[in-house]
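Notes for the one structure printed next.
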Number of protein chains: 2
Amino acid sequence: MATSLAEENYLKIIYRLCEGTKEDISTNSIAELTNNKAASVTDMLQKLAEKGWVTYQKYQGVRLTNIGESIALSIIRKHRLWEVFLVEKLGYNWDEVHEIAEQLEHIESETLINKLDSFLDFPKIDPHGDPIPSQEGEIPELGYLHLSEVKLNETCTLMGVAKDSAVFLQLLTKLNLSLGARLEVLEINTFDRSVSLKIAEEKPIFISHEVAKNILVKI
Amino acid sequence: MATSLAEENYLKIIYRLCEGTKEDISTNSIAELTNNKAASVTDMLQKLAEKGWVTYQKYQGVRLTNIGESIALSIIRKHRLWEVFLVEKLGYNWDEVHEIAEQLEHIESETLINKLDSFLDFPKIDPHGDPIPSQEGEIPELGYLHLSEVKLNETCTLMGVAKDSAVFLQLLTKLNLSLGARLEVLEINTFDRSVSLKIAEEKPIFISHEVAKNILVKI
DNA sequence: ATTAATTTTTAGCCTAGACTAAAAATTAAT
DNA sequence: ATTAATTTTTAGTCTAGGCTAAAAATTAAT
Ligand SMILES: [Mn+2]
Ligand SMILES: [Mn+2]
Ligand SMILES: [Mn+2]
Ligand SMILES: [Mn+2]
């Protein structure tokens with residue numbers, strides 16, 4: 001069945017909210033991420049339920065069906081592959097690609113995305129470290145930790161980010177924090193949970209808890 | 001001012017119809033190319049006139065303003081650059097790219113199309129031989145002839161096509177007619193104006209007047 | 001257990017962009 | 001110069017996807 005641009009954006013956001021939790025998700029949480037009002041979300045949830053892409057009981061929250069999830073994953077696959085294209089081939093920085101990919105993810109073509117995948121040499125992750133779903137909708141569970149959970153004196157590798165707002169990514173770039181960086185946790189201040197880090201052999205930097213929470217690492 | 005997808009498609013089609021003629025163009029001719037009904041076209045023409053992108057007097061036809069033309073040219077630039085990308089980088093055939101470019105031409109980003117242009121090495125023509133407008137909206141007038149106008153025994157070079165429907169392009173491919181081919185007009189049948197051609201050193205082929213009309217050549 | 005606060009849904013309205021049917025203007029044919 | 005045919009516009013309707021304001025359900029607080 002055909003999907004409209006609005007429907008695709010809703011499914012993608014519902015997917016993100018379902019990730020991590022078993023609970024059905026709320027109308028309000030969707031409204032926040034779509035920048036729509038709750039009443040508009042209710043309307044759309046009824047349509048999506050009608051099409052069989054979500055299960056929805058009024059007042060009881062919503063959840064993707066298997067079909068809904070596979071549609072969401074195909075949009076996410078397109079989003080992330082286009083991001084790789086923008087960074088690897090066109091020379092964009094990782095903080096510049098989100099808005100453009102937000103548009104490109106809706107281009108509809110059976111063949112296009114697979115040719116793009118092949119042109120890019122079948123990347124496994126996007127410029128933010130997020131895994132790229134396969135054509136069959138498989139997505140590896142990478143099991144990264146938030147840097148804020150890493151213990152004192154442990155060393156880890158920066159594998160991804162939990163947020164892709166431009167200002168956040170620009171801050172990381174300024175701090176010399178990029179994918180693959182080796183990080184050692186030198187200090188954790190109990191007052192505000194800010195963290196002191198050593199990146200490779202350079203001199204230590206300070207980051208807030210808020211930043212540490214949004215950095216994904218592998219021990 | 002922001003342009004919607006529907007408006008962009010209208011402007012592009014009005015541009016195509018204005019090309020070649022000095023006359024204002026008719027509501028019906030637009031309706032045919034957009035696959036909309038004349039009444040819907042009238043609605044849109046009023047909106048476009050309101051925005052200052054066309055001049056329009058009811059019952060008297062329509063014409064692009066300078067601003068309207070420059071918007072149309074920027075869409076055409078995007079369409080053609082994406083077609084080059086699809087053929088040159090992703091390996092599509094020239095008959096497969098039109099529909100996809102029809103979507104990609106509406107991606108909105110100041111920087112994207114210029115980075116793409118640079119990535120493709122600033123191509124001057126698209127896979128169908130059509131010139132690519134510059135960033136400033138300059139488009140060279142190539143002054144090609146239709147193959148149907150070429151005189152008996154003259155030799156010419158295939159420079160483009162006047163129609164990009166998939167079946168037409170597939171026919172050309174089957175006949176071994178591609179951009180750059182050297183063509184000699186061996187025969188013109190007065191009965192149906194069909195043409196016999198020699199391509200390079202190979203044995204002659206026959207094409208209908210309808211086909212010859214849609215092939216663009218340089219003497 | 002009520003009451004209060006919060007969340008969600010319904011009802012009604014709006015705009016973009018399509019449509020059909022009918023009216024009006026233009027163009028062509030007697 | 002009328003009349004007929006064609007084209008174009010208007011009027012009214014529809015759907016998608018938003019909105020606000022009011023009603024209903026759920027959840028939290030006395
Ligand atoms: Mn999107
Ligand atoms: Mn990403
Ligand atoms: Mn288009
Ligand atoms: Mn083309």
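Lettering follows sequence order; numbering is per chain, from 1. The model shown is predicted, which means the values in this text are computed figures rather than measured ones.
Between A:Glu210 and A:Lys213, at least one side-chain N (NZ, or NE/NH1/NH2) sits under 4.0 Å from a carboxylate O, which counts as a salt bridge. Taking 4.0 Å as the cut-off between side-chain N and carboxylate O, B:Lys47 and B:Glu50 do not count as a salt-bridged pair.
The interatomic distance linking A:Tyr56 (OH) with C:dT10 (P) rounds to 6 Å, in whole Å. What separates CG of A:Asp43 from P of C:dT9 is a distance of 10 Å, to the nearest Å. One atom, CD of A:Glu7, and another, C1' of D:dA16, lie 9 Å apart when rounded to the nearest Å. Rounded to a whole Å, the CG atom of B:Asn36 is 11 Å from the P atom of C:dG17. Atom C1' of nucleotide D:dA16 and atom CD of A:Glu8 are separated by 15 Å, given to the nearest angstrom. The interatomic distance linking A:Met44 (CE) with C:dT10 (P) rounds to 16 Å, in whole Å. The CE atom of A:Met1 sits 13 Å away from the P atom of D:dA16 (whole-angstrom rounding). Note: CD (A:Gln46) to P (D:dT15) measures 16 Å, nearest angstrom.
Residue A:Lys37 has no polar side-chain atom (N or O) positioned under 4.0 Å from OP1 or OP2 of D:dG18. For the pair B:Asn28 and D:dT8, the criterion of a side-chain N or O lying under 4.0 Å from OP1 or OP2 is met. The side chain of A:Gln60 places an N or O atom within less than 4.0 Å of a non-bridging phosphate oxygen (OP1 or OP2) of D:dT26. Look at A:Thr42 and you won't find any side-chain N or O under 4.0 angstrom from OP1 or OP2 of C:dT10. Contact between the side-chain N/O atoms of A:Lys58 and the OP1/OP2 oxygens of C:dT10 is found at a separation under 4.0 Å. The shortest distance between the side-chain N/O atoms of A:Ser40 and the OP1/OP2 oxygens of D:dC19 is below 4.0 Å. Proximity of A:Tyr59 to the phosphate of C:dT10: no side-chain N or O atom is located under 4.0 Å from OP1 or OP2.
Comparing A:Val41 and B:Gln57, the nucleotide of DNA chain D nearest to each residue sits closer to the 5' end for B:Gln57.
Residue contacts for A:Asn9: at a heavy-atom cut-off of 4.0 Å it reaches no nucleic acid atom on any strand shown. Residue B:Ala6 is in sugar-phosphate contact alone, with no base atom involved, counting any heavy-atom pair closer than 4.0 Å across all strands shown.
With D:dT9, D:dG17, C:dG17 as the candidates, the nucleotide lying closest to the side chain of B:Ser4 is C:dG17. Looking at the side chain of A:Ala39, the nearest of the listed nucleotides C:dT9, D:dG18, C:dA21 is C:dT9. Candidate nucleotides D:dT8, C:dC19, C:dA16 were compared by shortest atom distance to the side chain of B:Thr27, and D:dT8 ranks first.
Not a single donor-acceptor pair under 3.5 Å links the side chain of B:Lys218 to the backbone N or O of B:Met159.
Taking a pair to require two hydrogen-bonding distances under 3.5 Å in either a Watson-Crick or a G-U wobble arrangement, D:dT13 pairs with C:dA18. The partner of D:dT27 is C:dA4, by the rule that a Watson-Crick or G-U pair needs both atom distances under 3.5 Å.
Rounded to the nearest 0.5 Å, atoms CD (A:Glu96) and NE2 (A:His98) are 14.0 Å apart.
Side-chain contact between A:Glu102 and A:Lys12 is present, with heavy atoms from C-beta onward closer than 4.5 Å.
Note on ring orientation: taking the six-membered ring where Trp is involved, the planes of A:Trp94 and A:His128 are parallel (angle under 30°, cut-offs 30° and 60°).
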